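Reviewing the structure listed below.
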Amino acid sequence: MSLEDPRDPETDATTVQRSDAELETLLGDLVIGRDDHLNAPGFVVRPDTVQETLERLRTQAGYDHCSCVTAQQYEDRYETIYHLKKYDDPTQEVSVVVPTDSYDPVSESGSPQFRTADWHEREAYDLLGIEYDDHPDMRRILLPETWQGHPLSNDYDQDRPQIVPLREHANPLEQDHEGDGDTMFLNIGPHHPATHGVLHVKATLDGEQVADVEPDIGYIHRCEEQMCERGTYRHQIMPYPDRWDWGGAGLTSEWAYARAAERLNDIEVPEYAQVIRTMAAELSRILSHLLATGAYALDIVGDFTATFMYAIRDREVVQNILEDLTGQRLMFNYFRLGGVAWDLPEPRREFFDKVRSFLSELPQRLQEYHDLLTSNEIIQVRAMDTGVLPPEEAKSYGCTGPVVRGSGVDYDIRRDDPYGYYDNLDWDVAVEDGCDNFSRLLVRLREVEESGKIIEQCVDLLEDWPEDDRTVQSNVPRTLKPESDEEIYSAVEAAKGELGIYIRADGTNTPGRFKIRGPSFSNLQALPVMAEGGQIPDLIASLGSLDTIMGEVDR
């Protein structure tokens, strides 16, 4: 097969591992330099060749997952980085680096090749001022359109007064009502229980049918990335990740930062600490999925007294276990670079008994959820064949976690790019091919079951672990200063999907650039595909099935 052929009839290109040299040959004269990142070759291309570069990598080399887009500013240029992976094998990674002039930061948009680039590029424009040609909707995404300046640019005037006029939220269909049109503009949120946080959904209705949906985000933006850029690697960043997912999955968020920083600083984690991390992360995943399941029942059938309270009851048991382990019930701050903060609570036997008691009751609890939810005719009518998200659409939008696995895409970083102790344990990835709201519900319930298997195996290992080999943290230097311009993008399988962290070191003990790739950010972007053509109740069911958390979206 020649390197230029899009597909060999006998071999799927997504399964082929290409060397750096082959990729450089594939891209040819599009490449104007190299900017290798840790664990991912980086190719520098001109701003006017972005689409052709991404097209070749997607169709001819199989890089079908644009997991993140990072923008940053240097003294002499702006830069956009497209982090590409493969859904079939996320260990195959490549970075497309696009420098632009500091006085005229304009680049081609990658959204014609990857729909997920739409929101990422809007964020880069909003916060840094980079403009993207051929972008379908080059507007601000976090700040009002009337905002003056770009907050992450070097010349931003923080003292400049800002005024947001009422017209920012005027009805865009107001003129339609002057005639005999049947369209109606409906605001859902930002303060509404069905939006699961401060999310504003702009819905256009044609009669009772949803004609257009636009998620309006940014209401809880807290500059998390900039706070991390001002914190030291060793001590000051780790408390922040728990705030990204306050639904209970904070430990998986902590692991995302730990994995990136440990790889950047070449830090090894003791095997014993890896087992504890794995157990803790799966308890955290169960917390998140129980809340998602209970809230979903509340969203679409108003089931508060049974399913929602059952979920809260079971979450309390898990929270008690994690409180014993970490000292906290929600903002855990338990992981440390090189391991965890401390060993299991004493007496160990009492802690293990508490975990095993929860695991012994879990199958019965899950059966209750199936009886109340998946066997419920109302749930079936509301969730089956609604919110349909075809697998290719899910991939184009960069969806991950239960959302993409509910569309039949067998993608899970715990298995496909192993970390922690996952590759030493026996468990399965939950995948459903219905592509609808019901499938996403099934995936989360099945994942709770698989998490229980993982936790049980971890407990078995920890019970028998030799006392003289219980090292909870490796010897990490007090001050960490990675070499200047070292760059890495690393991700874990958080409860909502792929939670990735990009770090660029600048030679100091704080990151030069810190980018958070929240899974809910990309998953939420796919809402219009799922909701348009349906009715308002279907829109609410689709939004609930995404299980978005706005701390990950806005950051």
Side-chain angles (χ1 to χ4, degrees), residues 192-197 242 245-253 280-324 328-332 354-355 357-380 382-383 387 401-403 405-406 430 432 437-455 494-497 520 523 540-552:
H192 191 285
T195 62
H196 293 250
D242 286 299
D245 185 348
W246 53 72
L251 288 169
T252 60
S253 302
E282 292 309 305
L283 286 166
S284 189
R285 190 182 312 278
I286 289 177
L287 270 184
S288 178
H289 284 350
L290 286 176
L291 181 60
T293 301
Y296 197 59
L298 186 61
D299 281 346
I300 64 175
V301 294
D303 185 355
F304 179 82
T305 54
T307 309
F308 183 77
M309 293 309 297
Y310 279 21
I312 297 301
R313 172 201 64 187
D314 294 337
R315 273 175 54 92
E316 283 294 306
V317 177
V318 180
Q319 285 186 298
N320 289 337
I321 293 172
L322 286 174
E323 184 179 15
D324 291 343
Q328 301 290 334
R329 295 179 63 82
L330 199 61
M331 304 299 170
F332 305 106
K354 184 177 291 189
V355 177
S357 175
F358 167 73
L359 295 176
S360 66
E361 296 179 357
L362 188 59
Q364 177 186 348
R365 303 298 192 199
L366 285 171
Q367 186 57 52
E368 289 178 345
Y369 290 117
H370 281 292
D371 291 342
L372 289 166
L373 291 174
T374 61
S375 300
N376 186 317
E377 292 184 7
I378 300 176
I379 292 281
Q380 292 174 0
R382 292 290 310 277
V403 175
R405 289 192 288 274
E432 296 287 337
N437 294 325
F438 194 75
S439 292
R440 292 183 277 277
L441 172 62
L442 286 176
V443 166
R444 291 190 178 92
L445 289 173
R446 287 183 55 195
E447 284 191 1
V448 171
E449 180 181 358
E450 295 302 321
S451 292
K453 294 180 185 177
I454 294 172
I455 295 166
K496 273 70 173 176
S520 295
N523 291 345
I540 299 303
S542 299
L543 178 59
S545 77
L546 291 175
D547 185 28
T548 55
I549 194 87
M550 297 312 293
E552 280 181 0

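Not measured: the values here are computed from a predicted model. All values below were derived from every heavy atom in this structure, side-chain atoms included, with hydrogens, water molecules and symmetry-related copies excluded.
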Any chance you could measure [X], atom [atom1], to [Y], atom [atom2], to the nearest 0.5 Å?
| X | Y | atom1 | atom2 | answer |
| --- | --- | --- | --- | --- |
| L359 | I454 | CG | CD1 | 11.5 Å |
| D245 | M550 | CG | CE | 12.5 Å |
| D242 | T252 | CG | OG1 | 9.0 Å |
| Q328 | E323 | CD | CD | 8.0 Å |
| I378 | I300 | CD1 | CD1 | 9.5 Å |
| L543 | T548 | CG | OG1 | 5.5 Å |

Do [X] and [Y] have side chains that get closer than 4.5 Å, going by heavy atoms?
| X | Y | answer |
| --- | --- | --- |
| H289 | P402 | yes |
| I455 | I286 | yes |
| Y296 | T307 | no |
| L290 | Y369 | yes |

For [X], check side-chain contact (heavy atoms from CB on, under 4.5 Å) against everything at least two apart and list the hits.
| X | result |
| --- | --- |
| A430 | V443, R446, E447 |
| Q319 | L287, R315, E316, R329, L330 |
| D547 | S288, A292, R444, K496 |
| T374 | H370, F438, L441, L442, L445 |

Query raised in the report: Just by modelled atom types, is the I549 backbone N or O under 3.5 Å from a matching donor or acceptor in the S520 side chain?
Result: yes

Requested in this report: Could you tell me whether a side-chain N or O of S545 sits under 3.5 Å from a main-chain N or O of S542, the two making a donor and an acceptor?
Outcome: yes

Report summary line: Minimal heavy-atom distance between A311 and G294, with the atoms involved, is CB-CA, 3.8 Å

Report task. Let me see the working for E368 and Q364 under side-chain contact (heavy atoms from CB on, under 4.5 Å), right down to the final yes or no. Result -> CA-CA 6 Å; E368 289 178 345; Q364 177 186 348; 4.1 Å; yes

Report task. Taking salt bridge (Lys or Arg N to Asp or Glu O under 4.0 Å) as the test, write out the residues that go with D371, two or more places apart. Result -> none

Report task. Under the salt bridge (Lys or Arg N to Asp or Glu O under 4.0 Å) rule, collect the residues that match up with R285, sequence neighbours excluded. Result -> E282

